[in-house]
There are 2 protein chains.
Amino acid sequence: MDAAPAPDAGPSAAHDPKPEAKARRATIGDVAERAQVSKSAVSFVFNGRSGVSEAARARILEAARELDWRPDSRARALSRSRAQALGLVVRREPELLSTDPFFPQFVAGVESGLSGLGYALVLQVVDGEETERAAYHQFARESRVDGVFLTDLRADDERPAQLDGLGLPYVLVGPVPPVDGRPRPIGVDDEAGVRRAVRHLYALGHRSIAHVAGAPGYVHSDLRRRAWEREMVELGLEPDLVVVADFSGASGARATHELLDLPRPPSAIVYGNDLMAIAGISVATERGIRVPHDLSVVGFDDVPLAAFVVPPLTTVRQEVIEWGRACARTLIALVEGREPEEVRLPPVEFVVRGSTAAARHRPGAAAGR
Amino acid sequence: MDAAPAPDAGPSAAHDPKPEAKARRATIGDVAERAQVSKSAVSFVFNGRSGVSEAARARILEAARELDWRPDSRARALSRSRAQALGLVVRREPELLSTDPFFPQFVAGVESGLSGLGYALVLQVVDGEETERAAYHQFARESRVDGVFLTDLRADDERPAQLDGLGLPYVLVGPVPPVDGRPRPIGVDDEAGVRRAVRHLYALGHRSIAHVAGAPGYVHSDLRRRAWEREMVELGLEPDLVVVADFSGASGARATHELLDLPRPPSAIVYGNDLMAIAGISVATERGIRVPHDLSVVGFDDVPLAAFVVPPLTTVRQEVIEWGRACARTLIALVEGREPEEVRLPPVEFVVRGSTAAARHRPGAAAGR
DNA sequence: CTGAAAGCGCTAACAC
DNA sequence: GTGTTAGCGCTTTCAG
């Protein structure tokens, strides 16, 4: 208590970051001066433009290093009329947020696509349609970002039209059917994954294969459901055992009960995601139905836990990180007015683990022919 | 091939957002003109400062609405010398990224704390120490953000010192012991959760309680481990059964094998997180050891799946969203030079499910006394 | 209470 | 090749 006006007053959570290093941050002018060149020369060097002699260039780089100077992103953004940032608006129900394997992986992929290109990723989490719309509006009107990723597309999604109106470039992320006049969507082939799952079960002798669908209205839920339907039909089976759930564990449990309560329960279930599948296994086990002996189960996503539940989950895996990277690169090309490279993503992978097995012949079950 | 220089050339994923609406975005000048006032009047209104008559104020708001104008964040950032953005650098190994329930929830919480305050969240995912350091450096030197969240603190973490050097404000996120001269950390009481888990098992008659620790070097891993140790000692038990893992499912499985291979395997295991615990259950089951009949298991995190595995996992839950919100508010106060409010987070919750049960008296097991 | 004017730090024409 | 200069759109003194 002897240091008079103590610079650090009070036991707060605050942290005052000016011990004395409040020395004005270097600017492009300082660098130019130190390197004996004009500001534009410095600018040119840091923007990869020609027109600076090798000698000057070396001095500039050296001066910048000595001053630890980097172009101020705010000033740069203002004068280039570009934010140098890309936006991602995530709309999620609380329960799904921390379960969804997509979001973190996608973000990681996007980052790796952005890396070194001078773009930042601006994230916004919203909880409803209204706030979602407002988020895009704000991104655009405040020039926070130069473009956005559109994920979790819904049937009749209004966001593409909204963004067109706002003049904000975007990439459609997901297994979305292309629409003329719209940017081509970037996504993996969910359909192929589901079809392989159904065929796999068929090959194991299953003829009564149910589907627990994800939240309706989302393109990826509906697509997975239709893929199941189509494959069933192609195999000559009736696609009648479907329960609509919402991707949550609770809904998966509920749907499973519903299916198992049927007079003729299915011998296999294809779930719209792993979370529902794992909940389904839990429900079956609880009811004394052994997986995979009495019931085969397939998930979708291949969450890291999938390999560690009992029994290990047979599921469909996508390379989400790769996917995010491709989206980032495409969006950058887009906002910079360049032609994006053709995107070619690895196909989905069908991962067979312990939750699927040969169908047991149950008397009374709808066996083949 | 007849439309000469077609404005939309090629079947690309690109999307050109200028159908004609390239109408120059409104600026503060347009609003001022329309409202018959000066630019500063508009600025004052949008910054909540007094000095504008009610009439003028109303006209300004009306004009802004008509023009759909919002202050340009880039220009505002430049003139206020503030980015109006907060940064989060996430360093994660690929496998853990999509499993970790913390990250998405924390982000959601931060967003809800930011909401309406005009700050954006800038995210960066990095994969190593070097890129991590570079990320903070870049955030600071380019003035991308006004402050950052520091998560996943490590013992002897160099980031606080780095950020002090860079003059970038931060909040420490986690169950970190406070250090004088540093901003007070914001976190929940991991220790209490682990201690409750151990006491719970003790009350069930377990005397041989092992711990599978998370990645060493992280404050939260070490804290959980020490909490287990301390509680064991207080209960008069020997804290000798500990295996160091790394939070991944694979490591949890390995650690579990190791413990079960012991001549006198534990009757209960407290894991550093749910993922390892679930992998542990899987391993035990595989080996013919029934959970909870032969082995009790406790996790940490309460991932959404925890309730749906077989058996449902007894675990410790934290209110991560609430936590993120508090961090956001504190950091904003910090960067704005205000005194942050005292943070009071809800205590951890111990969730008892089906993976713990009374200890079975095994002959030869180290029973009480 | 209102208006004019000087920046914020950088980019990009445009002369030299 | 290199330097000069005028903005980018907003905030914020400082006169009126």
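To find a chain, count down the sequence lines: A is the first, B the second, and so on, and within it residues start at 1. Here the structure is a predicted model, which means the values were calculated and not measured.
- When distances run from any side-chain atom of A/Thr27 to the nucleotides C/dG9, C/dG3, C/dA12, the shortest one goes to C/dG9.
- Atoms CZ and CZ, from A/Arg74 and B/Arg144 in turn, are 11.0 Å apart once rounded to the nearest 0.5 Å.
- Put simply, NZ on A/Lys39 is 18 Å from P on C/dC14, counting in whole angstrom units.
- Computed from coordinates, the A/Glu33 CD to D/dT4 C1' distance equals 16 Å when rounded to whole Å.
- Heavy atoms of B/Phe46 sit nowhere under 4.0 angstrom from any nucleic acid atom.
- Distance CZ (A/Arg80) to P (C/dT11): 6 Å, rounded to an integer number of Å.
- Residue contacts shown for B/Arg49 are limited to sugar-phosphate atoms, with no base heavy atom under 4.0 Å away.
- Distances shown here put every side-chain N or O of A/Asn47 at or beyond 4.0 Å from the OP1 or OP2 atom of C/dA12.
- Computed from coordinates, the B/Arg59 CZ to C/dG3 P distance equals 9 Å when rounded to whole Å.
- Heavy atoms of B/Ser40 sit under 4.0 angstrom from at least one base atom.
- Of the charged side-chain nitrogens involved, at least one lies within less than 4.0 Å of a carboxylate oxygen, so that A/Arg133 and A/Glu158 count as a salt-bridged pair.
- Aromatic ring pairs are classed by plane angle as parallel below 30°, tilted from 30° to 60° and perpendicular above 60°; the pair A/Phe103 and B/Phe103 is parallel.
- Toward the 5' end of DNA chain C, the nearer of the two residues A/Ser73 and B/Ser38, judged by each one's closest nucleotide, is B/Ser38.
- Rounded to whole Å, the distance from CZ on A/Phe44 to C1' on D/dG3 is 10 Å.
- Across all strands shown, B/Arg74 has no heavy atoms under 4.0 Å from either base or sugar-phosphate atoms.
- Comparing B/Ala41 and A/Gly51 by the nucleotide of DNA chain D whose heavy atom lies nearest to each, the residue mapping closer to the 5' end is A/Gly51.
- Put simply, A/Ser53 has a side-chain N or O that comes within less than 4.0 Å of OP1 or OP2 on D/dT2.
- Counting to the nearest Å, the P atom of C/dC10 and the CZ atom of B/Arg76 are 21 Å from each other.
- Within the 4.0 Å cut-off from OP1 or OP2 of C/dC8, not a single side-chain nitrogen or oxygen of B/Ser79 is found.
- No option in A/Val173, A/Leu172, A/Thr151 other than A/Val173 meets the side-chain contact (heavy atoms from CB on, under 4.5 Å) test with A/Cys327.
- Within 4.0 Å (heavy atoms only), B/Val42 reaches no atom of the nucleic acid at all.
- Counting to the nearest Å, the P atom of C/dC8 and the CG atom of B/Asp72 are 19 Å from each other.
- Between A/Phe149 atom CZ and A/Leu331 atom CG the span is 4.5 Å, to the nearest 0.5 Å.
- The separation between B/Ile28 atom CD1 and C/dG3 atom P is 13 Å, rounded to whole Å.
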